[in-house]
Amino acid sequence: MVDTLWRNAQLVTVASGASGLGLIEKGAVACKDGLIVYAGPEADMPALNAADIKDCEGRLITPGFVDCHTHLVYGGDRAQEFQMRLSGASYEEISRAGGGIVSSMRATRAASDEELVKASLRRLDHLIAEGVTTIEIKSGYGLDLDSEMKSLRVARSLEKQRNIRVLTTFLGAHAMPPEAGGDKDLYISQICEMMLPALVAAGLVDAVDVFCEGIAFSPAQTRRVFDHAKMLGLPVKLHADQLSNLHGAALAAQYHALSADHLEFTDDEGAKALARSGTVAVLLPGAFYMLRETQSPPVASLRKHGAHIAIATDSNPGTSPLTSLLTAMNMAATLFRLTVDECIAGVTREAARALGLLNEIGTLEAGKCCDLAIWDVERPAELVYRIGFNPLHSRVRSGQ
Ligand code: DI6
Ligand code: FE
């Protein structure tokens with residue numbers, strides 16, 4: 001006896017052993033107690049009774065989508081800064097002039113928990129409407145203990161407001177808070193010795209991230225944060241090589257980071273290091289597009305060395321005000337020339353891997369959490385091909 005059986009569906013299992021997308025033409029998924037107990041051809045299914053049988057009428061089922069890199073929780077917006085950039089100011093100029101991340105910091109500090117929840121839910125609902133069942137959310141717009149705590153608390157609370165799994169990442173090392181007076185090493189000490197332990201004690205940190213970049217923190221400062229995270233037993237990840245090549249990918253690999261993200265300026269050595277350590281390369285085409293970058297991440301190198309590639313929205317107010325993983329897939333295909341198979345695996349299996357959750361989610365396989373996205377499309381390519389069109393039929397999280 002199972003709880004629910006979805007039958008007469010085309011399955012995109014993205015199962016780890018299968019080739020390509022692990023497509024099954026006439027498939028079925030059975031769920032009991034929130035877990036998949038069968039996913040495969042309907043013809044091979046063992047005899048089972050289901051309390052609820054759903055005829056999918058040939059629709060496509062993928063694993064629930066996973067957005068593995070977002071900055072979803074923040075106050076205000078940066079539409080005005082966008083206008084400035086349209087008149088010629090660069091992202092780095094605005095950042096150096098005290099705009100950019102710090103302007104979002106001010107709005108985030110000023111916002112109450114309730115205001116942040118409300119603003120974040122508007123964005124989250126867009127992602128959910130496109131089949132997202134797991135999301136990673138970073139702090140990094142608070143930049144002091146209270147405001148980072150507030151951001152992570154709000155991020156966690158979204159899990160109670162919607163049927164979704166939330167993972168939280170502490171990104172205190174995102175930008176310099178103005179009160180630190182430009183002393184980056186001092187601020188990094190505060191992060192390591194004061195903020196991180198307090199946030200971990202509050203149970204708010206699943207992973208630790210750093211923005212390693214000329215306008216942010218150096219590789220040496222990144223190492224200090226990573227060393228402290230490791231001492232606390234936390235996984236790390238890195239904003240690496242987005243605007244310049246500081247060899248962030250290799251650094252992330254050295255620490256066996258879950259992921260290294262952005263990677264526009266990563267070289268062949270960096271790509272090789274990621275493949276060797278199993279660190280997922282998370283590509284963020286929304287930021288590439290918004291900043292009109294011209295240097296693409298080294299996709300050919302990543303493929304050649306066999307690195308895992310994921311795609312995420314990077315949803316944030318400055319460089320990627322994007323709340324659509326479907327659009328991110330289209331951008332990754334068009335701008336970075338990822339294949340349809342890479343795009344779909346990139347928002348399911350590989351995104352799950354980037355969060356350290358591959359044992360629980362990301363593929364349609366017995367034993368995994370029953371997180372499904374059911375699409376009104378005839379073939380997988382349609383999920384990548386359209387722009388601004390949402391073919392989601394229904395979404396299932398933990399069997400619900
Ligand atoms: N890289 C990015 O693209 C975002 N953060 C980061 O580390 C930008 C965040 C912002 O401009 O608000
Ligand atoms: Fe980011």
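Quick note: numbers below take in every heavy atom, side chains included, and nothing from hydrogens, waters or symmetry partners.
Side-chain N or O atoms of Ser394 include none that pairs as donor or acceptor with a backbone N or O of Ile374 at under 3.5 Å. Formation of a donor-acceptor pair under 3.5 Å by the Glu148 side chain with backbone atoms of Leu143 is found in this model. Looking at Ser320, its side chain never comes within 3.5 Å of a backbone N or O of Asn316 through a donor-acceptor pair. Without hydrogens or angle criteria, Glu365 side chain to Thr13 main chain gives no donor-acceptor distance under 3.5 Å. The backbone N or O of Cys369 lies less than 3.5 Å from no partner atom in the side chain of Glu360, so there is not a single donor-acceptor pair. In this structure a side-chain-to-backbone donor-acceptor pair under 3.5 Å is missing from Thr334 to Met331.
For the residue pair Gln10 / Arg379, no side-chain donor-acceptor distance below 3.5 Å is found, with atom types taken as modelled. Using a 3.5 Å distance cut-off with no hydrogens or angles, the side chains of Ser189 and Arg224 do pair a donor with an acceptor. Side-chain contact of Thr168 with Arg156: a donor-acceptor pair under 3.5 Å is present, judged by distance alone. Remark: the Gln221 side chain and the Asp185 side chain contain an N/O donor-acceptor pair separated by less than 3.5 Å. Side-chain contact, Glu92 with Ser90: no donor N or O sits under 3.5 Å from an acceptor N or O. Residues Asp261 and Ser259 have side chains that bring a donor and an acceptor to within less than 3.5 angstrom of each other. In this model, no donor atom of one side chain and acceptor atom of the other lie less than 3.5 Å apart for Asp209 and His69. A donor-acceptor contact under 3.5 angstrom links the side chains of Ser324 and Glu130, judged on distance only. Defined by atom type and a distance below 3.5 Å, a donor-acceptor pair is missing between the side-chain atoms of Glu264 and Ser296.
Using a 4.0 Å cut-off between charged nitrogen and carboxylate oxygen, Arg165 and Asp371 do not count as a salt-bridge pair. Ion pairing between Asp52 and Lys54 holds under the 4.0 Å rule for side-chain N and carboxylate O. The pair Arg109-Asp146 does not meet the salt-bridge criterion, since no charged nitrogen lies less than 4.0 angstrom from a carboxylate oxygen. No salt bridge links Asp113 with Lys150; every basic N to acidic carboxylate O contact stays at or beyond 4.0 Å. The existence of a salt bridge linking Arg303 and Glu342 is confirmed by a sub-4.0 Å separation between a basic side-chain nitrogen and an acidic carboxylate oxygen. Under a 4.0 Å N-O distance rule, the pair Arg386/Glu382 qualifies as a salt bridge.
Both cation-pi conditions hold for Arg123 and Tyr74: the charged atom is under 6.0 angstrom from the six-membered ring centre and inside a 45 degree cone around its axis.
Within the structure, salt bridge (Lys or Arg N to Asp or Glu O under 4.0 Å) pairs that include any residue of residues 66-90 comprise Arg78-Glu81 (at least two apart or interchain). For residues 225-246, the set of pairs meeting the salt bridge (Lys or Arg N to Asp or Glu O under 4.0 Å) definition, not counting sequence neighbours, comprises Glu136-Lys237.
Grouping Ile, Leu, Val, Met, Phe, Trp and Tyr residues whose side-chain heavy atoms lie under 4.5 Å apart, directly or via other members, places Val66 in a hydrophobic cluster with Leu167, Leu355, Leu357, Ile361.
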Might you work through the ring-ring contact (aromatic ring centres under 6.0 Å, His included) test for Phe389 and Trp375, ending with a clear yes or no?
-> CA-CA 12 Å; Phe389 182 80; Trp375 305 94; over 10 Å; no
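Classification of the His239-His174 ring pair by plane angle, with boundaries at 30° and 60°, yields tilted.
A continuous path of hydrophobic side-chain contacts links Phe217 to Met194 [ILVMFWY only; heavy atoms under 4.5 Å].
Exactly one residue among Leu322, Thr169, Val166, Thr313 makes a side chain to side chain contact (heavy atoms under 4.5 Å, CB included) with Thr70. That residue is Thr313.
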